[in-house]
Amino acid sequence: MFKNIIVKKPGKSYLDGLTTTDLGKPDYNTLLKQHDAYIQALEKCDVAINVLPANEAFPDSTFVEDTAVLTSEFAIICNPGVESRNNETKEMEPVLKDHYTNIHYIKSPGYVDGGDVLQIEKHFYIGISDRTNEEGAKQFKDIVENNGYEATIIPLKKFFHLKTGISYLGNDTVLVAGEFIDHPAFNDYKKIIVPDEEEYAANCIRVNDYVILPQGFSKTYTQIKEANFKVIEVPTSEFQKHDGGLSCLSLRF
Ligand code: CIR
């Protein structure tokens, strides 16, 4: 069960944030509406939500997930692997100190983006990507193993972040796309396979009783419903334009 969620409003500078897509410039008003819809979806999930104000100095900082990885026992403050985002952690640290005394840090030359870390019960999967390097992944693995968890490091082939292509829905079930569909690391889980044309929907979140899923991916929606999960759909076009999915927009603990 998650009790707390941290989100951060997007600022106007979001429009100048990082992207690898060619989906066009985000529309700021639609972006704000979509962020509100995300918060409204979370409100149905029986959690306390801390909505942090926007910080124009950090265009990508609405994607709070990349700053930290949180468990019920400890926090790991990440070291985001792109310079324009690296200091986002400085803002998040005092917020996390209100909740945690047991805090660990990824340190340079190790880099980890929280989007590269998936927790499935007592096991962490850590992707090596353009943002997370081997040194960072090793530091992360050591920290969690010292705290009684297991960890597997997974070099990514194409995905932006590990969680761009996989989500854990609970009940031993993963939602997988692309290079993770046949990846041996996930063979012990029940798999729901996201078709190529719906790849973006592979990034969703399970928050207590609900799976929150991007709107408009009907094949994925139907499969998740058929597996007996309760689903809330939210619009995400303006986040998608900047490589962001639903997990990126919150810290859940
Ligand atoms: C970035 O390039 O960092 C942002 N535009 C997107 C971050 C997405 N975060 C995530 O997948 N955890």
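The residues of the chain are indexed from 1 along the displayed sequence. As a basis for the values below, the full set of heavy atoms in this structure was taken, side chains included, without hydrogen atoms, waters or symmetry mates. One-based numbering, in listed order, for ligands and for the atoms of each.
Ranking protein heavy atoms by distance to atom 10 (C) of ligand 1, first place goes to C248 SG, 2.8 Å. Ranking the protein heavy atoms by distance from atom 9 (N) of ligand 1 puts D66 OD2, 2.8 Å first. Nearest protein heavy-atom contact of atom 2 (O) of ligand 1 is R131 NH2, 2.8 Å. Atom 6 (C) of ligand 1 has as its closest protein heavy atom H242 O, 3.2 Å.
Paired with L156 under the rule side chain to side chain contact (heavy atoms under 4.5 Å, CB included), one option of T164, L162, I128 passes, and it is L162.
Considering only residues two or more places apart in sequence or on other chains, K90 meets the side-chain hydrogen bond (donor to acceptor under 3.5 Å, both in side chains) condition with N87.
Judged purely by distance below 3.5 Å, without hydrogens or angles, the side chains of N79 and T89 never pair a donor atom with an acceptor atom. If you check the side chains of S247 and N203, you find a donor sitting under 3.5 Å from an acceptor.
Set against the non-hydrogen atoms of F63, the atoms of ligand 1 under 4.0 Å away are 4 (C), 5 (N), 6 (C), 7 (C). Contact atoms of ligand 1 toward G115: 12 (N) (distance under 4.0 Å to a heavy atom of the residue).
The shortest N or O to N or O distance between L18 and ligand 1 is under 3.5 Å. Close N/O approach between H161 and ligand 1 is found [any backbone or side-chain N/O within under 3.5 Å]. Here's the thing with T164: none of its N/O atoms is less than 3.5 angstrom from an N/O atom of ligand 1. Any N or O atom pair closer than 3.5 Å counts here, and D60 shares at least one such pair with ligand 1.
Considering only heavy atoms from C-beta on, Q223 comes within 4.5 Å of P195 through its side chain. Side chains of H242 and L18 form no contact here, defined as non-hydrogen atoms less than 4.5 Å apart.
Using 4.0 Å as the threshold, T19 has no heavy atom nearer than that to any atom of ligand 1.
When ring centroids are compared, H161 and F159 stay outside the 6.0 Å threshold.
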Could you give me the CA-CA distance, side-chain angles and deciding distance for F74 and Y149, then say whether ring-ring contact (aromatic ring centres under 6.0 Å, His included) is met?
CA-CA 11 Å; F74 59 90; Y149 288 74; 5.6 Å; yes
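Among E65, R85, K241, the residue whose heavy atom lies nearest to atom 3 (O) of ligand 1 is R85.
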